[in-house]
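Take a look at the structure set out below.
Ligands are counted one by one from 1 in listed order, and the atoms in each one are counted from 1 as well. Position 1 is the first residue of the sequence, and the numbers go up from there.
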Amino acid sequence: MAEPTSVDLLIEAGSIITMDPTRRIIRDGAIAVKGDRIVAVDKRNALRDKYKAKRTIDGRSHVVTPGLVNSHIHFYHQMHRGMSPDTFDGNQWSNFVHTKVAPILTAEDEVWAAYIVLLEILKTGTTTYLAAGSYNPDPVLEAIPKVGLRGFEGRRTFDYVHLGHQALAEPTEKCIEENARIMEKYKAGFANNLVRPCVNIVGLGRVTDTLILKSKELADKYGAILNMHQCAFPEEVASIKERTGHTPIEHLDHLGVLGPNVVLVHMVHVTDKEIEILARTGTHVIHNPGTALKIVYGMTKWGKFPEMMKSGVNVGVGTDAGDCANFMDIVRVLYLAATLYKDIRFDPQLMGAEVALEMATIHGARAMGMEKEIGSLEPGKKADIVLFNADTPQWQPLYCEPYNLVYSASGDTADTVIIDGKIVMENREVKTINEREVIEKIKHLAKGVEKRSGVKPPTRWPII
Ligand SMILES: [Zn+2]
């Protein structure tokens with residue numbers, strides 16, 4: 001018999017949801033990892049004699065999945081989670097947040113908000129994120145690699161004011177220059193390219209055509225993602241139509257800025273013609289059902305996500321900001337993505353657990369431009385791996401792995417997480433950053449945010 005090949009890590013698994021091209025679920029499986037890459041995924045018996053591992057993780061009572069991709073998060077909004085009344089629609093929410101809270105947040109607030117977001121998403125199974133832009137991009141980009149998640153972040157930029165608040169809008173030239181500075185300064189990325197800069201503009205009709213064009217140019221120059229919100233609420237679409245004479249996606253198409261490095265977030269109010277444009281240009285869409293439901297985007301009335309996917313548009317999922325949906329657990333989003341359109345269209349054939357899981361794995365990977373690197377458990381791909389503890393009430397009985405994960409479990413059953421071949425969390429203990437210290441710091445900073453903003457808890461009930 002041939003000598004066993006030496007590897008760094010062997011993960012023994014109860015079940016592996018591989019998300020490979022045939023979507024195999026391997027029971028009694030194992031994954032061999034060398035450095036930052038997966039070298040083999042197979043039945044446990046087949047790998048046991050072939051590989052000699054420096055370390056073996058016993059995941060025989062676990063369901064193992066690729067690291068989940070949360071394609072839309074915000075860091076700074078986490079510092080005011082729970083401050084905006086749940087009686088606001090999207091526009092009211094945005095005006096409240098950007099006039100009352102965002103302007104008083106400090107760089108320190110934002111850095112620690114980033115840590116607490118990253119802890120929350122890590123502890124619920126996310127390994128890769130796309131963040132929507134920072135007010136303090138230098139300290140934030142320099143801080144976040146420490147947590148060990150794979151991700152993208154850039155500068156939050158907008159230069160055109162309509163529909164209310166003007167807080168933190170900047171001249172077009174400054175937006176362009178600052179985004180260019182960030183891309184140049186951080187183009188090499190951080191930590192084995194784990195964290196990379198991207199070009200973030202707010203979108204939502206809050207950006208001039210010049211800024212959109214220059215941002216796309218910049219993203220193309222650096223091979224980066226151009227990320228923006230779009231088509232979230234009817235007033236935004238009406239305003240863009242009034243200004244340009246076209247619907248938002250038609251307008252972006254006329255500008256020539258759509259394409260496979262463009263990620264559009266929300267996308268609730270789109271026409272069939274716009275769906276064709278998205279499919280033709282290979283532009284990605286991120287579905288954030290949690291936000292749409294809580295701050296009333298009209299998704300259950302107007303959203304066309306199943307139709308987009310049927311037309312070949314790549315759709316990923318995100319949790320969005322801490323004060324929109326108010327949770328960062330991507331597994332809760334999977335439940336919404338799987339179920340909502342069954343009822344909305346009165347058609348049980350729509351969406352479902354497998355489709356939802358694809359959105360948080362391979363579709364998310366494609367939206368990040370990383371479909372060859374992440375999104376499935378296959379030899380040659382990055383070792384981004386989550387072990388969910390199936391020895392828990394939520395996971396029992398276990399007949400159908402994708403159903404338990406999407407319909408029954410919460411992300412809190414994520415037990416051990418490996419990113420880029422490194423164990424970032426083991427048995428729920430985070431290895432890279434001191435979780436206790438982050439929580440204590442957030443408690444302290446929250447007092448300052450409360451005092452400086454003057455915002456009172458929005459509950460209708462008395463707090464004594
Ligand atoms: Zn957002």
Return the CG to CE distance between Leu204 and Met228, rounded to the nearest 0.5 Å. 10.0 Å
Steps toward side-chain contact (heavy atoms from CB on, under 4.5 Å) verdict (Leu405, Val331): CA-CA 8 Å; Leu405 177 55; Val331 178; 4.3 Å; yes
Got more than 12 heavy atoms from elsewhere within 6.0 Å of OH, Tyr403? no
For the Zn ion (ligand 1), check which protein N, O or S atoms are under 2.8 Å away and list them. His72 NE2, His74 NE2, His229 NE2, Asp320 OD1
Think Arg156 forms a cation-pi with Tyr76, using NZ or CZ under 6.0 Å from the six-ring centre and within 45 degrees of its axis? no
How about Trp93 and Phe96: are their ring centres within less than 6.0 Å of each other? no
Minimum heavy-atom distance Phe75-Ala113, with the two atoms named: O-CB, 3.2 Å
